[in-house]
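Below is one structure, written out as structure tokens; the observations come after it.
FYI, the numbering just counts along the sequence from 1.
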Amino acid sequence: MSEFDIITHYFSSLGAGENVRLSVGDDAAALRVDDGFELLVSTDTSAAGVHFPEDLFPEDIAYKAVAAAASDLAAMGASPLGMTLAISLPEHDSLWLHGFSQGLASASRDFNLPLIGGDTTRGLLSMTLTVMGQCPEGQKLLRSGARPTDLVCVSGSLGDSTFGLSMLQGNERGLDIDFEDQEYLLSRFSRPASRIELGERLRAQATSCIDISDGLLADATHIANASGCKLVIDSALIPLSTELVASVGRARAIELALTGGEDFELLFTLPESVSVPDHCTVIGFAEAGEGVLCDGVLKRGGYDHFH
């Protein structure tokens, strides 16, 4: 099967969308941006052995890659428009490609991201997703707007994804973990949520926002540095899933929540006068200064590809 046959057979049916004017088949796609909106673009690469185990189901590899890219749109408050996929494959494997296309279709539907173009090459397994979204002019969320007295908030629960990956890598075999808890924690790694609707709601409310991809401490540091203020976090307030606490205990769950990556929840700051959205938790506040203070200690942590 040729490169063009792979595109036609597995990917060309996923390109329809409300704002898509031209999809797969020409040298470039065309998207319509609504009047009064601006275009936001983000690129995210997923590589085998770095972002996912090579033996992860192809359905999950595709879904996770799209969710990770879509999370960047959520962090900016953008509404999805479309995505492109550049995939590198070591060989043509029809069963693997079928599973991958099924996961891609699920994620495309769940995150409202039609596949409007891309590229297919031979090489080590990796994929690069470029996602495009739109936001009313002047309302995109940035990392740089946090101010002293703002509340520091997170969505969902933290730490689940890192532990799910650790289970997949066989590092937790000595633990007695309930089967349903295992399934939940594995799904938090392989089928993460992307908080698109929350990001859209935060446009006119949050003073800063970022998605938690490198770990709470690392991403809080990004907001603190960009905003020129200090974020103060109380680890006792960090939301944890009952499944994670039941599996590893509260102390390790907190450590995973602070330093583990790829939760893809939103970390944001709100003025005190703004109501905290449902399913979100206040974990601290901003004040004058610099860096991130957690339980009274200046902290740095999280995932870095080059350290």
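Note: Arg143 CZ to Asn225 CG = 10.5 Å, rounded to the nearest 0.5 Å. Considering OG of Ser235 and CG of Leu158, their distance stands at 12.0 Å, rounded to 0.5 Å. Taking CG from Asp181 and OG1 from Thr242, the interatomic distance works out to 6.5 Å, rounded to the nearest 0.5 Å. Between Met83 atom CE and Leu115 atom CG the span is 5.0 Å, to the nearest 0.5 Å. Summarising the geometry, atom SG belonging to Cys135 is positioned 10.5 Å from atom CG belonging to Leu73; distances are rounded to the nearest 0.5 Å. If you take CD1 on Ile283 and CD1 on Ile233, they are separated by 4.5 Å, rounding to the nearest 0.5 Å.
Both Tyr63 and Ile87 are part of a single hydrophobic cluster, where members link through side-chain heavy atoms under 4.5 Å apart. Cluster annotation: Leu231 and Val282 are assigned to distinct hydrophobic clusters (Ile/Leu/Val/Met/Phe/Trp/Tyr, side-chain heavy-atom contacts under 4.5 Å, transitive). Note: the hydrophobic cluster containing Leu89 also contains Phe11 (ILVMFWY, side chain heavy atoms under 4.5 Å, direct or indirect links). Following chains of ILVMFWY side-chain contacts shorter than 4.5 Å, one cannot reach Leu141 starting from Ile210, and the two form parts of different hydrophobic clusters. If you chain together hydrophobic residues whose side chains sit under 4.5 Å apart, Phe163 and Leu165 fall into the same group.
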Subject >> Audit row: Ser227, Ser144, side-chain hydrogen bond (donor to acceptor under 3.5 Å, both in side chains) steps and yes/no >> reply: CA-CA 4 Å; Ser227 299; Ser144 56; 5.8 Å; no
**OP:** Using the side chain to side chain contact (heavy atoms under 4.5 Å, CB included) rule, take Glu38 and Lys140 through it: C-alpha gap first, then chi angles, then the decisive distance, then the call.
**Re:** CA-CA 9 Å; Glu38 55 188 333; Lys140 57 186 174 295; 3.1 Å; yes
**OP:** Under the side chain to side chain contact (heavy atoms under 4.5 Å, CB included) rule, what do Ile254 and Leu256 come out as? Steps first, then yes or no, please.
**Re:** CA-CA 5 Å; Ile254 289 174; Leu256 290 166; over 6 Å; no
Subject >> Worked check of side chain to side chain contact (heavy atoms under 4.5 Å, CB included) between Thr207 and Arg147 >> reply: CA-CA 8 Å; Thr207 52; Arg147 297 291 179 265; 5.6 Å; no
**OP:** Decide side chain to side chain contact (heavy atoms under 4.5 Å, CB included) for Asp234 and Phe285; before the verdict, give the C-alpha distance in whole Å, the side-chain angles of both, and the deciding distance to 0.1 Å.
**Re:** CA-CA 9 Å; Asp234 182 349; Phe285 57 90; over 6 Å; no
**OP:** Run the numbers on Arg188 and Glu265 for salt bridge (Lys or Arg N to Asp or Glu O under 4.0 Å), then give the verdict.
**Re:** CA-CA 11 Å; Arg188 290 279 285 161; Glu265 298 292 349; 3.3 Å; yes
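When all heavy atoms are compared, the tightest approach of Leu270 to Cys153 is CD1-SG, 4.0 Å. Across Leu129 and Ala69, no two heavy atoms sit closer than the pair CB-CB, 3.8 Å. Scanning both residues, Leu113 and Ala70, for their nearest heavy atoms gives CD1-CB, 3.8 Å. The two residues Thr45 and Thr128 have their closest heavy-atom pair at OG1-OG1, 2.8 Å. The two residues Gly260 and Thr162 make their nearest non-hydrogen contact at CA-OG1, 2.9 Å. Residues Ala286 and Val152 share a closest heavy-atom pair of N-CG2, 4.0 Å.
Contact check on Arg191 versus Glu183 returns no salt bridge, with no Lys/Arg side-chain nitrogen under 4.0 Å from an Asp/Glu carboxylate oxygen. Taking the charged nitrogens against the carboxylate oxygens, Lys230 and Glu290 have no contact shorter than 4.0 Å, which rules out a salt bridge. Note on Arg250 versus Glu255: no salt bridge recorded, every NZ/NE/NH1/NH2 to OD/OE distance being 4.0 Å or above.
In this structure, the side chains of Cys294 and Leu258 come closer than 4.5 Å at one or more pairs of heavy atoms. The shortest side-chain heavy-atom distance between Leu244 and Val248 falls under the 4.5 Å cut-off. Side chains of Phe111 and Ser106 form no contact here, defined as non-hydrogen atoms less than 4.5 Å apart. Side-chain contact between Ile238 and Leu216 is present, with at least one heavy-atom pair separated by less than 4.5 Å. Here the side chains of Ile61 and Met127 are in contact, with some heavy-atom distance below 4.5 Å. Here the side chains of Leu202 and Pro277 are in contact, with some heavy-atom distance below 4.5 Å. Considering only heavy atoms from C-beta on, Phe264 stays 4.5 Å or farther from Ser155 through its side chain.
Of the possible polar contacts, one joining the Gln182 side chain to the Ile177 backbone as a donor-acceptor pair under 3.5 Å is found. With hydrogens and angles ignored, the 3.5 Å screen pairs a side-chain donor or acceptor of Asp219 with a backbone N or O of Ser213. Although no hydrogens or angles enter the test, the distance criterion places a donor-acceptor pair under 3.5 Å between the side chain of His51 and the main chain of Ala47. Listed for the Ser46 side chain is no donor-acceptor partner under 3.5 Å among the backbone atoms of Ala65. Ser108 places no side-chain N or O within 3.5 Å of a backbone atom of Leu104 that could act as its donor or acceptor partner. Looking only at distances, a side-chain donor or acceptor of Asp263 sits under 3.5 Å from a matching main-chain atom of Gly159.
The number of heavy atoms from other shown groups lying within 6.0 Å of CD (Gln169) is above 12. In Arg173, the CZ atom is not crowded: 12 or fewer heavy atoms of neighbouring residues, nucleotides or ligands sit closer than 6.0 Å. Atom CD of Glu180 has 12 or fewer neighbouring heavy atoms from other residues, nucleotides or ligands inside a 6.0 Å radius. The local environment of OH in Tyr184 is crowded, with over 12 non-hydrogen atoms from other residues, nucleotides or ligands closer than 6.0 Å. By the neighbour-count criterion of 12 heavy atoms within 6.0 Å, atom NE2 of His92 is densely surrounded, having more than that number from other residues, nucleotides or ligands. Annotation: Leu237, atom CG; neighbour count of heavy atoms from other residues, nucleotides and ligands within 6.0 Å is above 12.
For the residue pair Ser161/Glu262, the side-chain donor-acceptor check at 3.5 Å is not satisfied. Side-chain contact, Arg203 with Ser79: a donor N or O sits under 3.5 Å from an acceptor N or O. Side-chain contact annotation: Ser71 with Ser194, donor-acceptor N/O pair under 3.5 Å absent.
Annotation for Leu31: hydrophobic cluster partners, listed by chain and number, are Val20, Val33, Phe37, Leu39, Val41, Leu81, Ile116, Met132 (ILVMFWY side-chain heavy atoms under 4.5 Å, direct or chained). With side-chain heavy atoms closer than 4.5 Å counting as contact, directly or through intermediates, the hydrophobic cluster containing Leu142 also holds Leu40, Met76.
Figure legend: Lys64 and Phe52 shown without cation-pi pairing, the cationic atom not lying both under 6.0 angstrom from the six-membered ring centre and within 45 degrees of its axis.
A centroid separation of 6.0 Å or more is found between the aromatic rings of Phe100 and Phe57.
Note on residues 22-33: pairs passing side-chain hydrogen bond (donor to acceptor under 3.5 Å, both in side chains), not counting sequence neighbours, are Arg32-Asp34.
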